[in-house]
2 protein chains.
Amino acid sequence: MQGQEILPAIAAHLLDSARANGGKAPSERHLAEHFSVSRGQVREALAILESMQVIERRAKSGIYVNTDNSGFEAMAFFARAGIPLESRQIYEAVEVRKIHEIKAAELAAVRATEEDFERLQDVLERSEQRIAAGEGIDALDQEFHLQIVRATQNTLFLSICTSFYELGRQRLKVYFRDPDRNRKSHEEHKQIYDALVKRDSALTSALMVSHLRGVMSYWTELLEPQAPGS
Amino acid sequence: MQGQEILPAIAAHLLDSARANGGKAPSERHLAEHFSVSRGQVREALAILESMQVIERRAKSGIYVNTDNSGFEAMAFFARAGIPLESRQIYEAVEVRKIHEIKAAELAAVRATEEDFERLQDVLERSEQRIAAGEGIDALDQEFHLQIVRATQNTLFLSICTSFYELGRQRLKVYFRDPDRNRKSHEEHKQIYDALVKRDSALTSALMVSHLRGVMSYWTELLEPQAPGS
DNA sequence: TGCAGCAATCTGGTCTAACCAGAATTTGTT
DNA sequence: AACAAATTCTGGTTAGACCAGATTGCTGCA
């Protein structure tokens, strides 16, 4: 656990402790000893966690964990750190991601540059190769979708969507173990690409809607229902 | 500058220094002396800034500022800290905010609870009072819009949208100095509310589209054009 | 003059030790 | 049992030190 990023470890530890202790987390000194680092190290991690509103540091009292945390920053961090989210958070994230991707498809159809098309085509080609080799296209699926967002020419948009992708990485890997799913997904990607090239916003976003329906339902189907609607 | 949050100050200082120095920022020790705090304090702030990808700390070399920063976390922080954004960032933020609000209106029409309606009505009533008193409704405008997002029952959605609001606070204040704009905005809010109560998704989002057109164009009209489109 | 090589300096990274003052808890007394 | 006092604990903050690689500058050789 040396030399690198104790932040995820501390975050996970804090969440566990808080769950078992009613929101209260161990003190800085305890954490420092537990992880065999100095208090300074711990405080740096806590500062970050506080900036994401994962915890609250109350002077001379203690560290309190925001259990009902649904901030975007925190979610993005948890996703990156591989810390599991509550099923409600996943539902919410899936819904928000859907919204973004559909709109991105619509905008990309209008704004995509030649380079964007080239990059997308490159992803499609590599996908074909992997499928031919009998391998999963999970990483390339992600690349394809993010490349579409990038084609909106809105870097903020891209930044937000990127955060959502870390969230689904592991599950995506499982999803793409099935060769049929690989083929189906790839086919849909190609259709989306064609619509994009035709600069048909409506068609592109429509195709994206149905494409996401398949992938996303796999995401949530294992969770206890807790979605707001849709 | 004591007792509280040196983070914004350090962030601003870092940005300035970097601009004048080609990306390189002063050392931790210099910053500590400059702000009359300990190195530990500075390091906490830097850790946060790094977690937002505003800076990069290269071991034994120095602190480098990410000038072409377009991360969501950073944007939200800058907005909160009152640090001015580049016009391109503002354009992007306005576009993304628009997307969110329109979709939020659509979803809220389906999912809003009785309490949501009550809260919205409360905002409308207070708006009326303020207008009658000849005061600006800038804060209430914000409340109204966020309340709609809240009515989607998606807390992650709300978290993202909240970040966008800090961004427009000051400009909104200026905008609502004009009594006509107050009245017009309030009227449109009432129409949106009515559509919401009727649970008419299409109408609600359509009204939101035209409502935002007015407000948002004010946002960007002073900037040099740099938008991706639309 | 030009450049290679070495030495001093600077930098982020990390740690131990200490003090403060208020919060939280324990103890002691009535 | 209830209240008050003493003690422990906590986050907040600082000062000083050491490490080792990166950077810079100087020096002397060619």
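Model, not experiment: these values are computed from the prediction. Just so we're on the same page: letters track the sequence lines, and every chain starts at 1.
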* To do: Record whether the side chain of B:Arg39 comes under 3.5 Å of the base of D:dG16 through a donor-acceptor pair of N or O atoms.
  => no
* By side chain to side chain contact (heavy atoms under 4.5 Å, CB included), which residues pair with B:Ala139, not counting sequence neighbours? -> none
* Structure fact -> Rounded to whole Å, CD of B:Glu33 lies from C1' of C:dT11 at a distance of 15 Å
* Asked: How far apart are the C-alpha atoms of A:Arg19 and A:Glu86, what are their side-chain angles, what is the distance that settles it, and do they pass the salt bridge (Lys or Arg N to Asp or Glu O under 4.0 Å) test?
  -> CA-CA 13 Å; A:Arg19 255 190 279 273; A:Glu86 318 254 326; 3.7 Å; yes
* Given that both distances must come in under 3.5 Å, which nucleotide forms a Watson-Crick or G-U wobble pair with D:dA15? -> none
* Structure fact -> From CD of A:Glu28 across to C1' of C:dC15 the rounded distance in Å is 15 Å
* Among residues 41-65 of chain B, which residues get a heavy atom nearer than 4.0 Å to DNA chain D? -> B:Gln41, B:Lys60, B:Ser61
* Searching all strands shown, indicate the nucleotide that pairs with C:dG22 (Watson-Crick or G-U wobble; both distances under 3.5 Å). => D:dC9
Identify each donor-acceptor pair in which a side-chain atom of residues 155-163 of chain A lies under 3.5 Å from a protein atom, sequence neighbours left out, and give them as a table.
residue	atom	partner	partner atom	Å
A:Thr155	OG1	B:Ser70	OG	3.2
A:Thr155	OG1	B:Arg88	NH1	3.0
A:Thr155	OG1	B:Glu92	OE1	2.6
A:Thr155	OG1	B:Glu92	OE2	3.1
A:Ser159	OG	B:Phe72	N	2.9
A:Thr162	OG1	A:Leu158	O	2.7
A:Ser163	OG	A:Ser159	O	3.4

* Whole-Å gap separating P (D:dG11) and CD (B:Glu5) -> 18 Å
* **By ring pair (Phe, Tyr, Trp, His ring centres under 6.0 Å) - contacts of A:His13 (at least two apart)** => A:His34, A:Phe35
* **Qualifying residues under side chain to side chain contact (heavy atoms under 4.5 Å, CB included), relative to B:Ala47, sequence neighbours excluded** => A:Glu44, A:Ile48, B:Arg57
* Just jot down the side chain to side chain contact (heavy atoms under 4.5 Å, CB included) partners of A:Ala81, sequence neighbours excluded, or say none. => A:Pro8, A:Phe77, A:Ile83
* Could you list the residues that satisfy ring pair (Phe, Tyr, Trp, His ring centres under 6.0 Å) with B:Phe144, not counting sequence neighbours? => B:His189
Below 3.5 Å is the cut-off: list the nitrogen or oxygen pairs between protein and nucleotides 5-7 of chain C, distance only.
none

* To do: Establish, with yes or no, whether the OP1 or OP2 oxygen of C:dT14 is under 4.0 angstrom from a side-chain nitrogen or oxygen of A:Ser38.
  => no
Less than 3.5 Å apart, which donor and acceptor atoms pair up between the side chains of residues 116-123 of chain B and the rest of the protein, not counting sequence neighbours?
residue	atom	partner	partner atom	Å
B:Asp116	OD1	B:Arg119	NH2	3.1
B:Asp116	OD1	B:Gln147	NE2	3.3
B:Asp116	OD2	B:Thr113	N	3.0
B:Asp116	OD2	B:Thr113	OG1	3.1
B:Asp116	OD2	B:Gln153	NE2	2.7
B:Gln121	OE1	B:Tyr193	OH	3.4
B:Asp122	OD2	B:Arg126	NE	3.2
B:Asp122	OD2	B:Arg126	NH2	3.2

* Yes or no on salt bridge (Lys or Arg N to Asp or Glu O under 4.0 Å) for B:Glu95 and B:Lys98, after CA distance, side-chain angles and deciding distance? -> CA-CA 5 Å; B:Glu95 171 165 273; B:Lys98 238 188 217 166; over 6 Å; no
* **Whole-Å distance separating the CZ atom of B:Arg29 from the C1' atom of C:dT14** => 11 Å
* Asked: Is the base of C:dT16 syn or anti, if syn means a glycosidic angle within 90° of 0?
  -> syn
